[in-house]
2 protein chains.
Amino acid sequence: MSGSTPKSERTRARVREVAIGLLRDVGYERTTMRAVAQAAGVSTGTAYYHFASKDELVQELYLEVQRDHARRAAPVLAAGGTLGERLRGVWGAAVDAFGPFHGFGGEFVSVAVRPGSAASPFSAASGPARALSRSLFDEVVEGATPAVPPRLRAGLPELLWLAQLGITLFWVHDTSPGFARTRRLVDQGSALVGTLVRLARLPVARGVVDDALRLLRAVHPVPDGRA
Amino acid sequence: MSGSTPKSERTRARVREVAIGLLRDVGYERTTMRAVAQAAGVSTGTAYYHFASKDELVQELYLEVQRDHARRAAPVLAAGGTLGERLRGVWGAAVDAFGPFHGFGGEFVSVAVRPGSAASPFSAASGPARALSRSLFDEVVEGATPAVPPRLRAGLPELLWLAQLGITLFWVHDTSPGFARTRRLVDQGSALVGTLVRLARLPVARGVVDDALRLLRAVHPVPDGRA
DNA sequence: GCTAATTTTCGAACATGTTCAGAAACCCTC
DNA sequence: GAGGGTTTCTGAACATGTTCGAAAATTAGC
């Protein structure tokens with residue numbers, strides 16, 4: 001709340017940065033709390049004073065990566081284009097942003113998927129990170145040309161965000177050089193979504209689309225709460 | 001290879017059973033290796049002699065649960081019915097079989113999703129468990145009336161299996177009483193799949209279906225290998 | 001400026017997963 | 001049944017995430 005930066009904030013920031021650097025360089029397992037504390041020049045107790053758990057430190061890394069993703073996706077979102085093209089750009093930017101962490105991706109995903117974990121994309125703690133990530137897909141849908149049918153506007157971004165989680169899970173297990181298989185998934189998947197949304201305009205599809213939307217609503221009652 | 005049962009097998013089986021019981025009753029975290037060993041009447045070292053890690057013990061539990069799932073799904077698969085009905089039955093049986101573990105589901109999923117983990121559904125170690133689970137969806141598709149279009153037979157079971165992973169992930173985070181939301185997801189999701197497969201017969205859908213099948217092939221080059 | 005409260009830091013302590021050097025039990029050969 | 005080799009078992013030891021009571025530093029009140 002105050003204007004100046006109290007000392008405690010500086011210690012916290014230092015621990016945060018050291019932790020992110022270590023996680024980036026040596027992965028989840030080999031980044032011990034003792035190593036973080038030592039590299040930050042404090043005791044382990046102090047590290048725990050500022051961050052409740054190791055997972056909370058991982059959460060900071062997530063935020064950093066998501067900011068990077070948003071940065072990389074910005075030009076795509078500003079450029080216009082079809083839904084498929086925009087989606088391809090945003091998903092592709094995600095693969096680019098995640099790249100450096102592939103070696104430890106599994107560890108991170110494992111941490112993220114644990115419901116209790118602060119780093120879970122569904123947890124309340126990662127609300128800001130999730131909102132940032134979600135908003136990218138709002139923009140993908142909003143700025144598409146030709147415009148996405150209004151009926152789909154409400155649910156589609158959420159669906160695309162979930163699809164990105166799936167892509168991430170796939171990427172974690174992808175050992176092909178340059179993540180070639182994940183790239184293919186992104187390219188063909190985004191094109192497929194474009195085609196499906198185009199088809200959704202046909203009268204024959206109305207029934208299925210309604211069913212899908214109802215499913216989405218039934219399953220997702222609280223738009224922004226904890227799940 | 002021998003006919004009789006050596007003593008070592010008995011110790012191993014005892015550890016296995018105690019571990020499964022503890023995991024079932026008190027969850028992943030509170031099931032310590034020391035507790036398992038003590039309850040089995042051996043030392044911790046002995047437990048590690050028979051099982052390389054705690055995850056490997058969890059893997060044993062998975063196998064058990066999957067057998068239970070298969071048992072529950074059997075009558076559905078024997079009964080015939082439409083694709084949607086059969087799918088609903090098999091997915092519903094999964095929710096039933098998983099039920100007792102909901103409290104610790106997240107811990108288990110977290111373990112399962114770690115690529116290195118023996119318990120990962122994509123790992124070589126869980127090949128048998130995966131094959132068992134996969135085969136259920138082969139049967140779902142094979143026995144459906146009216147028959148599933150031949151073009152879809154190859155890829156659909158894999159897709160439905162993956163969808164079950166998604167449902168499981170959803171279930172883990174589902175805190176509604178009786179897993180009501182997950183049940184809705186299963187009911188409406190299986191119906192939606194039924195509708196989609198029905199629509200896939202229409203000429204207008206031929207393009208999308210081809211794209212989807214191509215995507216599946218491009219992304220999944222090795223049908224039964226490690227991924 | 002001094003005292004009391006509050007914030008921040010420390011480091012020892014605890015429980016856990018895992019390892020390992022060696023002891024014990026077992027099995028086979030002679 | 002004695003000796004040697006293999007399998008099985010043991011429990012102490014290690015590193016790790018986390019907790020906690022107390023010390024130190026800082027701030028607030030007067």
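Only this structure's heavy atoms are used, side chains among them; waters, hydrogens and symmetry mates stay out. Everything numeric in this text was worked out from a predicted model, so none of it was measured. Each chain gets a letter, A, B and so on, in the order the sequences are listed, and its residues count up from 1.
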- Could you walk me through whether A/His50 and A/Glu9 pass the side chain to side chain contact (heavy atoms under 4.5 Å, CB included) check? CA-CA 9 Å; A/His50 290 287; A/Glu9 271 307 315; over 6 Å; no
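- Residue B/Leu23 contributes atom CG, which lies 14 Å from atom C1' of C/dG17 at whole-angstrom precision.
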- Task: For B/Phe170 and B/Arg181, run side chain to side chain contact (heavy atoms under 4.5 Å, CB included): C-alpha distance rounded to whole Å, both residues' side-chain angles, the deciding distance at 0.1 Å, then the answer.
- Result: CA-CA 9 Å; B/Phe170 183 88; B/Arg181 285 173 60 203; 3.8 Å; yes
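- Distance, B/Tyr49 OH to C/dA21 P: 16 Å, rounded to whole Å.
- Minimum atom distance to the side chain of B/Lys54 is reached by C/dT18, of the listed C/dT18, C/dT9, D/dC9.
- Listed by first and then second residue, the side chain to side chain donor-acceptor pair (under 3.5 Å) pairs involving residues 15-28 of chain A are A/Arg16-A/Glu60, A/Arg16-A/Glu64, A/Tyr28-A/Asp55 (not counting sequence neighbours).
- In B/Arg30, the CZ atom is not crowded: 12 or fewer heavy atoms of neighbouring residues, nucleotides or ligands sit closer than 6.0 Å.
- Residue A/Phe179 is tested with A/Phe98, A/Phe101, A/Trp171 for a ring-ring contact (aromatic ring centres under 6.0 Å, His included); the sole match is A/Trp171.
- The distance between atom NE2 of A/His50 and atom P of C/dT7, rounded to the nearest whole Å, is 13 Å.
- B/Trp91 and B/Ser190 share no side-chain donor-acceptor pair at under 3.5 Å.
- Across residues 29-39 of chain B, B/Thr31, B/Thr32, B/Met33, B/Arg34 each have a non-hydrogen atom less than 4.0 Å from an atom of DNA chain C (numbered order).
- Note on B/Asp96 versus B/Arg183: salt bridge recorded, some NZ/NE/NH1/NH2 to OD/OE distance being below 4.0 Å.
- Between the side chain of B/Arg86 and the backbone N or O of B/Val141 there is no donor-acceptor pair closer than 3.5 Å.
- The side chain of A/Val42 sits closest to C/dC10 out of D/dT10, C/dT9, C/dC10.
- Inter-axis angle, ends of the helix from C/dG1-D/dC30 to C/dC30-D/dG1, five pairs per end, rounded to 10 degrees: 0°.
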